[in-house]
Undergrad: 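Can you keep this structure in mind? I'll have questions shortly.
Keep in mind that the numbers below use all heavy atoms, side chains included, and drop hydrogens, waters and symmetry copies. Both ligands and their constituent atoms are indexed starting at 1 by order of listing. Only a predicted model underlies this, so the values are computations on that prediction, with no experimental measurement involved.
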Amino acid sequence: MCGIVGYTGPNPALSRVIEGLRRLEYRGYDSAGVALATEKSAPLVVAKKAGKLNNLESSLTSTYDNATSGIGHTRWATHGGPTDTNAHPHISNDGKLAVIHNGIIENYVELKEDLEKRGHTFTSETDTESVAHLLSDEFRKNQDLAAAMRSVCKQLRGSFTLLAIHSDSPEHIVGARRNSPLVVGVGDGENFLASDVSAFISHTKKALELGQDQVVDVTPQGVSVTDLEGGAITPKAYEITWDAKAAERGGFTHFMLKEIFEQPKAISDTLLGRFGADGKIECKEIENLSLDIDRILILACGTAYHAGLIGKYALEEWAKIPVDVELASEFRYRKPVLSKNTLVITISQSGETMDTLMALRHAKELGAQTLSICNTIGSTIPRESDGVLYTHAGPEIAVASTKALLTQIVALHVVGLYLAQEKKTLSASDIVLIREEVLALPNKVEEILETVEPLRTMTRGFKDSTSVLFLGRHVGYPAALEGALKLKELAYMHAEGFAGGELKHGPIALIEAGTPVIAILPPATSEISEKMLSNIQEVKARGAKVIAIADSTTKLDVPHVIRIPQSLELLQPLLSIVPLQVFAYEMAVARGNDVDQPRNLAKSVTVE
Ligand code: G6P
């Protein structure tokens, strides 16, 4: 949601800012804008347009090469529709100060009333515009933009990343963050501020983490960080471990397809170093946590929530610890009973999802130990957790999560095996057997991807369906939920996942002649195999067109069978989900949808 870029240095700011915004497009947006300081103390050059970045670019009449500092924004509308006027930046009445914002200013109505009484004129319907007016008043007091930002932040309620520029001090870009993401990119004689590192990855791999309620002031020569009282802070520096190529399409038609095909590597990278030569499971990340755990609670949103639902089965079976999985957005408003013996695991690709972050804080307040599973180094959720296990999926650009999900599931498997080893709830030989199966997963995913063409052709035949149902039991049930979520996100079709056992309690009424039903079958040795086969008969008898996903142990008499390699039942979602991702991808392509940036969706949901 909302991408933010700030640049100051000797190079033309416009091209640096636009490049950054392009790299942040994946976050999801509906309008874009820039503000550039072209001349000291003159009004800033401001351009903003509803729609995609191309609209903004074609509205620009110059490359403004004399502007060496600027800020840019991609907006995902909350307060006020996605119009040119509501797009950011928002400017002060003298046109010398501009602000961009990600988040929500909750007290904007009262601020606006007050500012209007003081003579400020508003032009947009946004909550952000009040900040521009407030900042210009504060700046006038002592001509110090960072001091003005500190003072304004104290007056704001809500969550925000803010960037501001003023033409009286044109080399400075000032930022602030509370509950929303902001990182610093430290270049050679040039510096960047951005929502995430992908915005500046082609210029520098050096980044600085910013904490809660901190204000940062960057010039081409330096970066200074303070708290809201003006006290100096030394931010934590880190190196970005991937390069710009990893965040480019590399010959694939869409990022999503590329990311689906990167899954074998993403799983291998996440497993790297987990299995010692002596057969031991390595999980240093939780060594410092107390293993006196009597309950695990997994909190997440979206696809990451499905990772939790899938991981629960293995964690309980291997580590013999009760596991609950809850949507972070529900948990954060409950008054649950937790103790120091509860291990709360938050799962988040971005590490910035607002509901997951707030749920984490809620869990900490209630006394639980916290571990995060995250794909983004230096992001807020891992920084605030007692322990962190990083997945190594690399940058995930497509809005619909694919490779991050598979790495989240294997990360939960690593935790489950580690706990089983430490608590001795699995024998050494069982651990070895599971370990071998886990290590075989990348090749098995590869095998699925090598034989995916017939599935793509078959999917196109269902392009005009109005509804697709997904059926599974045991770990196949959350896999079915994920299949349905992917199809909704990408194909904009009605899709629902059901537990096979619930079929007769309602969902079967949805079946009409020709309704596609995707059934996820367990290995034939599973106690639920025959139950799923009966479910298939029941939907077939009512006219459903069944597409079965199964390994070679199950004999099937349905129009379409997608074969996946054999694995342990608990690990099977890591294989069965791959064809579901391809199905959703191909359906979106066939229906002419924007695969990488589906309508109304954002990659990282940083507001409630
Ligand atoms: C958004 C994305 C999903 C993602 C979810 C959670 O809805 O579109 O793909 O699963 O947020 O994101 P997180 O970064 O916390 O994993």
Side-chain angles (χ1 to χ4, degrees), residues 1-3 24-29 76 102 179-181 195-198 254-256 259-260 263 266 270 298-311 325-332 344-361 370 372-385 388-409 411-412 478 481-492 577 580-581 584-585 588 593-608:
M1 254 170 199
C2 296
L24 294 180
E25 271 194 300
Y26 78 95
R27 299 173 68 88
Y29 71 105
W76 190 90
N102 171 19
N179 298 334
S180 289
S195 303
D196 68 59
V197 299
S198 54
H254 296 98
F255 278 109
M256 183 184 175
E259 287 160 7
I260 288 174
Q263 294 185 112
T270 301
I298 300 177
L299 302 172
C301 300
T303 289
Y305 168 69
H306 293 158
L309 290 177
I310 291 165
V325 188
E326 190 168 345
L327 290 166
S329 53
E330 287 297 316
F331 172 82
R332 61 177 288 202
V344 166
I345 304 181
T346 51
I347 308 176
S348 175
Q349 187 284 127
S350 62
E352 300 291 352
T353 299
M354 177 65 75
D355 281 322
T356 310
L357 172 62
M358 292 304 166
L360 165 68
R361 289 184 185 162
T370 57
S372 64
I373 292 179
C374 184
N375 196 42
T376 311
I377 296 175
S379 55
T380 311
I381 291 171
R383 271 196 291 118
E384 294 195 13
S385 303
V388 51
L389 201 155
Y390 281 111
T391 50
H392 295 281
E396 191 178 66
I397 306 295
V399 165
S401 184
T402 53
K403 60 177 180 172
L405 168 68
L406 297 203
T407 61
Q408 288 159 352
I409 301 170
L412 284 171
L481 295 179
E482 173 62 10
L485 177 62
K486 280 286 144 300
L487 199 63
K488 277 184 251 198
E489 285 178 301
L490 293 155
Y492 318 150
I577 282 176
L580 300 180
Q581 295 167 336
Y585 169 81
N593 296 350
D594 186 342
V595 174
D596 286 334
Q597 292 165 38
R599 69 181 182 204
N600 305 336
L601 297 182
K603 180 73 184 156
S604 172
V605 180
T606 51
V607 295
E608 280 185 61

Undergrad: Taking 4.0 angstrom as the limit and counting only heavy atoms of Cys301, give me the atoms of ligand 1 inside it, by number and element.
TA: 5 (C), 6 (C), 10 (O)

Undergrad: Just go through Thr391, Ile347, Asn375, Val399 and tell me whose heavy atom is the nearest to atom 3 (C) of ligand 1.
TA: Val399

Undergrad: To the nearest 0.1 Å, how far is atom 11 (O) of ligand 1 from its closest protein heavy atom, and which atom is that?
TA: Lys603 O, 3.7 Å

Undergrad: How far is atom 16 (O) of ligand 1 from its nearest protein heavy atom, and which residue and atom is that?
TA: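 Result: Gln349 N, 2.7 Å.
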
Undergrad: Going by atom types only, do Thr376 and Asp196 share a side-chain donor-acceptor pair under 3.5 Å?
TA: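 No - no donor-acceptor pair under 3.5 Å links their side chains.
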
Undergrad: Can you find a heavy atom in the side chain of Ser401 that is under 4.5 Å from one in the side chain of Lys603?
TA: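 They are in contact (side-chain heavy atoms under 4.5 Å apart), so the answer is yes.
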
Undergrad: Please evaluate residues Asn375 and Thr407 with respect to the criterion side chain to side chain donor-acceptor pair (under 3.5 Å), reporting the C-alpha separation (whole Å), side-chain torsions for both, the decisive distance (0.1 Å), and the verdict.
TA: CA-CA 9 Å; Asn375 196 42; Thr407 61; 5.2 Å; no

Undergrad: So Thr391 and Ile373, do their side chains get closer than 4.5 Å, heavy atoms only?
TA: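 Answer yes - side chains close enough.
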
Undergrad: Which protein non-hydrogen atom lies closest to atom 10 (O) of ligand 1, naming both residue and atom, and how far is it?
TA: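 It is Thr303 N, 3.0 Å.
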
Undergrad: Can you check whether Ala404's main-chain N or O pairs, donor with acceptor, with Gln349's side chain at less than 3.5 Å?
TA: no

Undergrad: Given Val595 and Tyr585, is the side-chain contact (heavy atoms from CB on, under 4.5 Å) satisfied, shown in steps?
TA: CA-CA 7 Å; Val595 174; Tyr585 169 81; 3.6 Å; yes

Undergrad: Hey, does Ala602 sit under 4.0 Å from ligand 1 if you only count heavy atoms?
TA: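 Distance cut 4.0 Å: Ala602 passes for ligand 1.
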
Undergrad: Which one of Glu259, Gln263, Lys403 satisfies the side-chain hydrogen bond (donor to acceptor under 3.5 Å, both in side chains) criterion with Gln581?
TA: Gln263

Undergrad: Within a distance under 4.0 Å of any heavy atom of Ser348, pick out the atoms of ligand 1 and give their elements.
TA: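 Counting atoms of ligand 1 from 1, those under 4.0 Å from Ser348 are 13 (P), 14 (O), 15 (O), 16 (O).
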
Undergrad: With heavy atoms of Ser401 as the reference, note each atom of ligand 1 found under 4.0 Å away.
TA: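 With Ser401 as reference, the close atoms of ligand 1 come out as 9 (O).
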
Undergrad: Give a yes or no answer on whether the side chain of Asn593 reaches the backbone of Leu490 with a donor-acceptor pair at less than 3.5 Å.
TA: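 Checked: pair present.
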
Undergrad: Tell me which protein heavy atom sits closest to atom 12 (O) of ligand 1, plus the residue, atom name and distance to 0.1 Å.
TA: Thr353 OG1, 3.3 Å

Undergrad: Would you mind running through ligand 1 and noting each atom that sits below 4.0 Å from a heavy atom of Ala304?
TA: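 Answer for ligand 1: 10 (O), 16 (O).
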
Undergrad: Which heavy atom of the protein is the closest neighbour of atom 7 (O) of ligand 1, given with residue, atom name and distance?
TA: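 Scanning the protein heavy atoms, the shortest distance from atom 7 (O) of ligand 1 goes to Val605 CG2, 3.9 Å.
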
